[in-house]
2 protein chains.
Amino acid sequence: MTRSGGQETRVRILRTAAELFQRQGYGATGLNQILAASGAPKGSLYFHFPGGKEQLAAEAMALAGSDLGERLAVAVAAADGPRAAVTALGGVLADGLAASGYRDGCPVATVALEQAGETGPINDACAATYEGWLAGLREQLKSWGAPEETAAELADLALSSVQGALLLAQVRRDVGVLHAVAGQVGAHIEARLATVTTGGAA
Amino acid sequence: MTRSGGQETRVRILRTAAELFQRQGYGATGLNQILAASGAPKGSLYFHFPGGKEQLAAEAMALAGSDLGERLAVAVAAADGPRAAVTALGGVLADGLAASGYRDGCPVATVALEQAGETGPINDACAATYEGWLAGLREQLKSWGAPEETAAELADLALSSVQGALLLAQVRRDVGVLHAVAGQVGAHIEARLATVTTGGAA
DNA sequence: GGGACTCTAGACCGACTGGTCTACATAATT
DNA sequence: AATTATGTAGACCAGTCGGTCTAGAGTCCC
């Protein structure tokens, strides 16, 4: 094994962990299950993640969150306006959801809810993930003429709606809601932005 | 103990279970923890819930879902229009969230996400809960003049947005988003309803 | 009073949990 | 060649898991 072999194992454990935590939650996912799925022995896990399950989960959330964040950012950047952007947001999530047999929704939501009300590195990683997504969204909205405050408000609205629709789609095993909600919210944001940029106040 | 004592124990177990499942998730909540918190012995649990943890969770989700559903329905029914209704929706959830130290968000979301992609009584109970809430919302919207199809679409939008904002509020430990999103979505729905009821098409 | 039924009580089971530990293989450094 | 650092490999631990089981208390009907 070369030196890079170690880092490969580390990342493999991390990705496997991210997938299982996302699908089953933190408490329901055992270390042994992650190890078996990734093919790594327990010694490797505790070498790479001396902080144990908690550190593993925190890093897995951060990795999965930034991975999806990048895909989301690409889709949004390719859109020609807010409406297309939110629609694209919903589209990316809908595709991933359907392709995984309705198992992969938001990579951090399950763990985030499980850990809500507590404090610790896992919670911080989840919060940071959402904050990162929102920052990207706000920048895009500002590039389309939204003032700082409006951009923040609308980014929150877009993420909340899509996130909630994703949950509903997952429970229903039907991505219809996701597309419908994204379309409506996109239209609302575009309308609101048109008002603001032509001189109207919030 | 009188005969009714048994049913009291049953409900006490159910409510304790609902609270713990909501806060920690299905996998992370142990039967022993539920028993200790409710003061019931293991024998009672398996007498009342021979289907074990799965049956307990399914019934707990159904109970908690209908409990909150009723409170939500009361708040919505008291509103004088869609905007006030969605605002009230967000208000009830925001109050409950803040009052519980950001632990109690949606009573079924955590478990629903954990169980997404699987089939079984727990998933069914979660889906039924959301469906029940949506049915109530649709009725209200129709009473304000929304056609069948529009009511369904707007109810999905309202629940999705509020649900997503609730998740975000929980992670942030700040109910601000909830109020802001509910306000915006309420305004959007009211505007859209005004268009529809004065003759405009969707 | 004697069953029958409802429900409580908790000991007990094998399986599995997260975590620690020692042994060892490989690769770079000296 | 010897040493050191980087990882791999898995046996092992106490504790907990969900679930089963038997014993018996309390209440009702006959």
Side-chain angles (χ1 to χ4, degrees), chain A residues 1-21 23-61 110-111 114-115 118 120-123 125, chain B residues 1-21 23-61 110-111 114-115 118 120-123 125:
Chain A
M1 291 283 176
T2 63
R3 230 224 200 98
S4 65
Q7 291 309 308
E8 279 171 25
T9 301
R10 189 188 149 89
V11 174
R12 196 171 69 246
I13 292 176
L14 224 33
R15 292 211 189 281
T16 308
E19 183 178 309
L20 292 172
F21 282 140
R23 294 182 178 182
Q24 310 176 339
Y26 180 75
T29 302
L31 253 20
N32 294 327
Q33 186 187 5
I34 296 171
L35 261 10
S38 67
K42 197 165 270 192
S44 296
L45 195 157
Y46 275 90
F47 172 78
H48 292 292
F49 307 94
K53 194 184 185 184
E54 193 174 46
Q55 182 190 351
L56 176 60
E59 289 199 31
M61 291 302 101
T110 310
V111 173
E114 219 174 330
Q115 295 289 321
E118 316 215 346
I122 304 178
N123 214 311
Chain B
M1 292 282 177
T2 62
R3 231 225 201 100
S4 65
Q7 291 308 309
E8 278 171 26
T9 301
R10 187 187 151 90
V11 173
R12 197 171 68 244
I13 292 176
L14 225 33
R15 292 211 190 279
T16 307
E19 183 178 310
L20 292 172
F21 282 140
R23 294 182 177 181
Q24 311 176 338
Y26 181 74
T29 303
L31 253 19
N32 293 328
Q33 186 186 6
I34 297 172
L35 261 9
S38 68
K42 197 165 270 191
S44 297
L45 195 157
Y46 277 90
F47 173 79
H48 292 294
F49 307 95
K53 195 183 186 184
E54 193 174 47
Q55 182 191 352
L56 175 61
E59 289 198 32
M61 291 302 101
T110 310
V111 174
E114 220 175 331
Q115 295 289 319
E118 316 216 345
I122 302 178
N123 213 312

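All values below come from the heavy atoms of this structure, side chains included, with hydrogens, waters and symmetry mates left out. Residue numbering restarts at 1 for every chain, and letters A, B, ... go by the order of the sequence lines.
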- Can we say B:Glu8 and B:Arg12 salt-bridge, meaning some charged N sits less than 4.0 Å from an Asp/Glu carboxylate O?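 Here B:Glu8 does not pair with B:Arg12 in a salt bridge, since their nearest N and O are not under 4.0 Å apart.
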Of all residues at least two apart in sequence or in a different chain, which pass the side-chain contact (heavy atoms from CB on, under 4.5 Å) check with B:Tyr46?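 B:Tyr46: side-chain contact (heavy atoms from CB on, under 4.5 Å) contacts with B:Leu31, B:Lys42.
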Query - Closest non-hydrogen atom pair between B:His48 and B:Gln55, with its separation - result: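 Looking at all heavy atoms of both residues, the closest pair is O-NE2, 4.1 Å.
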### Task
Examine D:dA9: is either OP1 or OP2 under 4.0 Å from a nitrogen or oxygen in the side chain of A:Ser44? Give yes or no.
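For D:dA9, neither OP1 nor OP2 has a side-chain N or O of A:Ser44 closer than 4.0 Å.
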Every protein N/O within reach of nucleotides 21-24 of chain D N/O, cut-off under 3.5 Å:
none

**Prompt:** A:Ile13 has an atom CD1; how far is it from atom P of C:dG19, in whole Å?
**Reply:**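 After rounding, the reported distance stands at 14 Å.
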Requested in this report: May I have the distance from B:Glu54 (atom CD) to D:dC17 (atom C1'), rounded to whole angstrom?
Outcome: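 That distance rounds to 16 Å.
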task: Check whether any side-chain nitrogen or oxygen of A:His48 sits under 4.0 Å from OP1 or OP2 of D:dT6, and answer yes or no.
output: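 Checking D:dT6 against A:His48, no side-chain N or O comes under 4.0 Å of OP1 or OP2.
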TODO: Write down the distance between CD1 (B:Ile34) and P (D:dT16), rounded to a whole number of angstrom.
DONE: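 Distance, rounded to whole Å: 16 Å.
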Take the protein atom CG of A:Leu45 and the nucleotide atom P of C:dC21, then report the distance between them rounded to whole Å.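 In whole Å, C:dC21 P lies 16 Å from A:Leu45 CG.
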Side chain of A:Leu31: nearest nucleotide among C:dG19, D:dT8, D:dG7?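 Closest nucleotide among those given: C:dG19.
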In plain terms, say whether A:Arg23 and B:Glu118 are close enough for a salt bridge, that is, a side-chain N and a carboxylate O under 4.0 Å apart.
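No salt bridge links A:Arg23 with B:Glu118.
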Handout entry: Per B:Asn32 side chain, nearest of listed nucleotides C:dT8, D:dC17, D:dT8
Key =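 It is D:dC17.
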Check your understanding: Is there side-chain contact between A:Thr16 and A:Leu35, with heavy atoms separated by less than 4.5 Å?
Key ->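 Side chain of A:Thr16 against side chain of A:Leu35, heavy atoms only: no contact under 4.5 Å found.
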For A:Phe47 and C:dT26, give me the distance from atom CZ to atom P, rounded to whole Å.
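These atoms are roughly 17 Å apart.
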Worksheet item: Does C:dC7 have OP1 or OP2 sitting under 4.0 Å from an N or O in the side chain of B:Thr9?
Response: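 Checking B:Thr9 against C:dC7: no side-chain N or O falls below 4.0 Å of OP1 or OP2.
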**OP:** Using atom CZ of A:Arg12 as one end and atom C1' of D:dA9 as the other, report the distance to the nearest whole Å.
**Re:**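 Whole-Å distance recorded here is 13 Å.
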What is the distance, rounded to the nearest whole Å, between atom CD of A:Glu8 and atom C1' of D:dT8?
->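 Computing the A:Glu8:CD to D:dT8:C1' distance gives 14 Å.
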*With the side chain counted from C-beta on, respond yes when B:Thr110 and A:Thr110 share a heavy-atom pair under 4.5 Å apart, and no when they do not.*
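Heavy-atom side-chain distance check fails, nothing below 4.5 Å.
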Exercise. Specify the residue among A:Pro50 and A:Gln33 whose closest nucleotide of DNA chain C lies further upstream toward the 5′ end.
Key: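 Its nearest nucleotide lies further toward 5', so the answer is A:Gln33.
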Practice task
Provide, to the nearest angstrom, the distance between the CZ atom belonging to B:Phe49 and the C1' atom belonging to C:dC7.
Solution key: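 My rounded result for the distance is 13 Å.
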Interatomic distance, B:Leu14 atom CG to B:Thr9 atom OG1 [nearest 0.5 angstrom]
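Here the interatomic distance stands at 12.0 Å.
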